2 protein chains.
Amino acid sequence: MNYNLILVDDHKMFLDGLWNIFKNEANCTVLQTAHNGAQVIKYMETNPNQAIDIVISDISMPTTDGITLNKYIKKERPEIKTLMVSMHTDAGMIDTLIKNNVDGYLSKNATQTELLEAVKTILKGEKYFSQSVQQAYMKGVLEKKTETTITLTKREKEVLRLIAEEYTTQEIADELFLSKHTIESYRKNLIAKLNVKNLAGLTKYAIKLGLVE
Amino acid sequence: MNYNLILVDDHKMFLDGLWNIFKNEANCTVLQTAHNGAQVIKYMETNPNQAIDIVISDISMPTTDGITLNKYIKKERPEIKTLMVSMHTDAGMIDTLIKNNVDGYLSKNATQTELLEAVKTILKGEKYFSQSVQQAYMKGVLEKKTETTITLTKREKEVLRLIAEEYTTQEIADELFLSKHTIESYRKNLIAKLNVKNLAGLTKYAIKLGLVE
DNA sequence: TAAAAAATGGCTGAAAACAGGGGTTTTTCA
DNA sequence: TGAAAAACCCCTGTTTTCAGCCATTTTTTA
């Protein structure tokens with residue numbers, strides 16, 4: 001069967017790489033390539049009658065990330081399938097994806113063969129999560145590290161960002177006009193909530209959330 | 001003219017993407033694809049007489065990174081050109097690349113056209129640093145943020161990795177069978193050398209080097 | 001509108017990190 | 001082979017983080 005797709009990634013070179021893969025596929029048409037979710041939403045709004053079968057998107061992107069894009073698609077154009085692609089494989093991320101009803105997920109470590117396999121599976125109406133992703137997820141579940149999907153509040157994110165920006169507790173307190181005890185509380189909660197040991201863990205999580213760098 | 005090349009990136013999908021680009025080029029042969037520098041070195045050692053024109057490599061990779069690979073190439077097979085590709089564009093990184101006599105650098109935001117253009121330029125014996133990279137570099141130079149090219153020793157990298165892995169000084173000392181005073185020294189030197197303030201800064205640098213996550 | 005969640009503030013004490021100084025021994029390489 | 005770089009070690013402070021408890025007020029939401 002023939003299918004139409006859209007490719008989204010903020011790294012042009014990677015996007016070109018994806019495009020090359022599908023360009024050579026006989027029975028598919030790449031409708032658009034975009035480097036953030038907003039472009040895709042715009043495309044869908046200006047071409048409401050264009051049949052789209054699947055959107056393959058990176059997760060972390062500037063402007064509008066993959067998860068936000070997926071939310072839009074599942075609400076406005078639920079017939080369109082979504083396949084998310086990302087650098088990292090962690091249980092929390094996968095959990096978020098599942099909760100958002102994404103149709104499939106691949107690590108950027110996946111091969112081209114697996115990518116095409118994933119698309120085929122998803123177009124059949126099935127979900128596709130690779131073996132390695134399933135393993136990583138199950139490992140997380142078994143280690144009880146998944147908990148209940150970690151959601152940080154606005155304030156927590158703000159504090160976490162400053163922590164990762166190398167501010168001390170006192171400096172953050174001054175910056176936000178709060179007591180240093182308050183920041184200490186946030187710090188403690190974050191360490192517990194994110195299941196990390198210290199500042200290094202907090203910093204890595206901040207990066208994963210895209211709060212810094 | 002005809003040329004032979006080797007592609008290196010730890011993300012299979014990206015590697016496949018690159019491969020697709022060059023596969024369709026008439027006058028070039030992809031000799032090997034690898035997901036770390038060590039594989040390439042091994043290839044070169046087992047095929048010492050194989051003519052190689054250019055190696056296109058990611059910078060941050062596990063096992064052996066792009067800079068280490070470039071060092072090997074420039075020492076053992078100086079006739080081979082190197083083109084580095086990376087996610088991030090910062091003046092410090094570019095400085096390191098220039099000092100290591102890399103033949104060219106591209107951000108992963110570069111287009112396929114620019115990639116092929118870069119290869120062509122480098123094979124003519126010229127250097128290739130894209131407009132955007134030159135701009136970023138000049139900006140860094142003007143802001144005097146370049147400093148003197150940071151090079152970490154093997155041991156420093158090892159300690160830095162463990163620091164970013166949330167180990168305490170004592171735990172690192174135990175792990176490496178060293179005195180905790182030694183690790184304290186490394187920690188201090190790293191903070192000074194990398195021009196950061198604390199553990200958060202060290203962690204971010206470790207990530208930038210690809211030592212963790 | 002009552003309950004839950006978020007935001008705020010507090011204390012103590014121990015452990016770790018950080019700043020600044022001082023070294024010696026081993027390896028590398030010009 | 002001799003200097004430079006890397007790897008190693010130690011001490012004294014001060015500051016910051018972290019773990020363990022607690023609490024009140026505001027906002028959100030069921």
Side-chain angles (χ1 to χ4, degrees), chain A residues 99 147-206 209 211-212, chain B residues 65 67-68 71-72 74-76 78 96 99-101 147-206 209 211-212:
Chain A
K99 295 242 164 73
E147 276 122 44
T148 41
T149 311
I150 300 157
T151 326
L152 298 187
T153 68
K154 208 172 165 185
R155 207 45 154 177
E156 282 174 329
K157 280 185 194 168
E158 199 172 8
V159 172
L160 180 57
R161 201 198 91 237
L162 292 169
I163 288 173
E165 298 276 15
E166 303 176 56
Y167 284 59
T168 64
T169 296
Q170 185 61 63
E171 287 169 345
I172 298 171
D174 294 345
E175 179 81 15
L176 302 180
F177 304 106
L178 292 173
S179 155
K180 88 171 202 184
H181 297 292
T182 307
I183 308 303
E184 266 175 13
S185 294
Y186 278 114
R187 227 181 158 113
K188 246 181 319 182
N189 286 336
L190 285 166
I191 286 179
K193 214 167 173 178
L194 303 179
N195 205 32
V196 297
K197 287 183 186 166
N198 59 21
L199 181 45
L202 291 178
T203 307
K204 288 193 282 183
Y205 204 93
L209 286 184
L211 299 176
V212 287
Chain B
D65 64 38
I67 292 165
T68 311
K71 271 185 190 147
Y72 172 88
K74 291 305 171 191
K75 193 181 166 204
E76 305 293 333
T96 307
K99 295 251 163 68
N100 278 283
N101 203 29
E147 280 121 44
T148 41
T149 311
I150 301 155
T151 325
L152 297 187
T153 67
K154 208 173 169 185
R155 206 46 153 175
E156 282 174 330
K157 280 187 194 170
E158 199 171 10
V159 172
L160 180 57
R161 202 198 91 240
L162 292 169
I163 288 173
E165 297 276 16
E166 301 176 57
Y167 285 59
T168 65
T169 296
Q170 186 60 63
E171 286 169 346
I172 297 171
D174 293 346
E175 178 82 15
L176 302 180
F177 303 106
L178 291 173
S179 156
K180 90 170 200 184
H181 297 292
T182 307
I183 308 301
E184 268 174 9
S185 293
Y186 278 115
R187 228 179 158 113
K188 242 181 325 179
N189 287 336
L190 285 166
I191 286 179
K193 215 167 170 177
L194 304 178
N195 206 29
V196 296
K197 287 181 184 168
N198 59 19
L199 181 45
L202 291 177
T203 307
K204 288 192 282 182
Y205 204 93
L209 286 184
L211 298 176
V212 287

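Since we're looking at a predicted model, the values are computed, not measured. Proteins get letters first, then strands, A, B, ... in listed order; numbering begins at 1 in each. FYI, side chains are in, hydrogens and waters are out, and symmetry mates aren't considered; it's all heavy atoms of this structure.
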*Starting from P on D/dA5, measure out to NZ on B/K193 and report it in whole angstrom.*
11 Å
*Using a strict 4.0 Å threshold on nitrogen-to-oxygen distance, state whether B/R161 and B/E158 make a salt bridge.*
no
*According to a strict under-4.0 Å criterion, is A/H181 in side-chain N/O contact with OP1 or OP2 of C/dC11?*
yes
*asked:* What is the distance, to the nearest angstrom, from the CD1 atom on A/I172 to the P atom on C/dT8?
replied: 13 Å
*Rounded off to whole Å, could you give me the CD1-to-C1' distance for the B/I163 and C/dC18 pair?*
12 Å
*Determine whether any donor atom in the side chain of A/K188 lies under 3.5 Å from an acceptor atom in the base of C/dG10, or the reverse, and answer yes or no.*
yes
*Could you state the atom-to-atom distance from CG of A/L202 to P of C/dA17 in whole Å?*
14 Å
*What's the shortest heavy-atom distance between B/R187 and B/Y167, and which atoms?*
NH1-O, 4.5 Å
*Can you sort out the partners of A/K180 under side-chain contact (heavy atoms from CB on, under 4.5 Å), two or more places apart, ordered by chain and number?*
A/T169, A/Q170, A/A173, A/E184
_I'd like to know whether A/I163 forms a side-chain contact (heavy atoms from CB on, under 4.5 Å) with A/T168, so could you lay out the CA-CA distance, the side-chain angles of the two residues, the decisive distance to 0.1 Å, and finally the verdict._
CA-CA 7 Å; A/I163 288 173; A/T168 64; over 6 Å; no
*Could you give the CG-to-C1' distance, from A/L176 to C/dA7, as a whole number of Å?*
12 Å
*In terms of side-chain heavy atoms of B/R155, which of D/dC9, C/dT8, D/dA7 is nearest?*
D/dA7
Nucleotide N/O to protein N/O under 3.5 Å, stretch nucleotides 13-17 of chain D:
| from | atom 1 | to | atom 2 | distance (Å) |
| --- | --- | --- | --- | --- |
| D/dT17 | OP1 | A/R187 | NH1 | 3.2 |
| D/dT17 | OP1 | A/R187 | NH2 | 3.3 |
| D/dT17 | OP2 | A/T169 | N | 3.0 |
| D/dT17 | OP2 | A/T169 | OG1 | 2.8 |

*asked:* I'd like to know if the side chain of B/K204 and the backbone of A/A164 have a donor-acceptor N/O pair within less than 3.5 Å.
replied: yes
_Is there a side-chain contact between B/T182 and the phosphate of D/dC9, meaning an N or O under 4.0 Å from OP1 or OP2?_
yes
*Does the side-chain contact (heavy atoms from CB on, under 4.5 Å) test come out yes or no for B/L178 and B/R155, once each step is laid out?*
CA-CA 12 Å; B/L178 291 173; B/R155 206 46 153 175; 3.6 Å; yes
_Is there a side-chain contact between A/T153 and the phosphate of C/dA7, meaning an N or O under 4.0 Å from OP1 or OP2?_
yes
_Rounded distance (Å) that lies between atom C1' of D/dA6 and atom CD of B/E158_ = 14 Å
*Take atom CG of A/N189 and atom C1' of C/dT8, then tell me their distance rounded to the nearest Å.*
11 Å
*How close do B/N100 and B/I67 get, heavy atom to heavy atom, and via which atoms?*
ND2-CG2, 4.0 Å
_B/E166 CD - C/dA15 C1' separation (whole Å)_ = 16 Å
*Side chain of B/S179, base of D/dC10: donor and acceptor closer than 3.5 Å?*
no
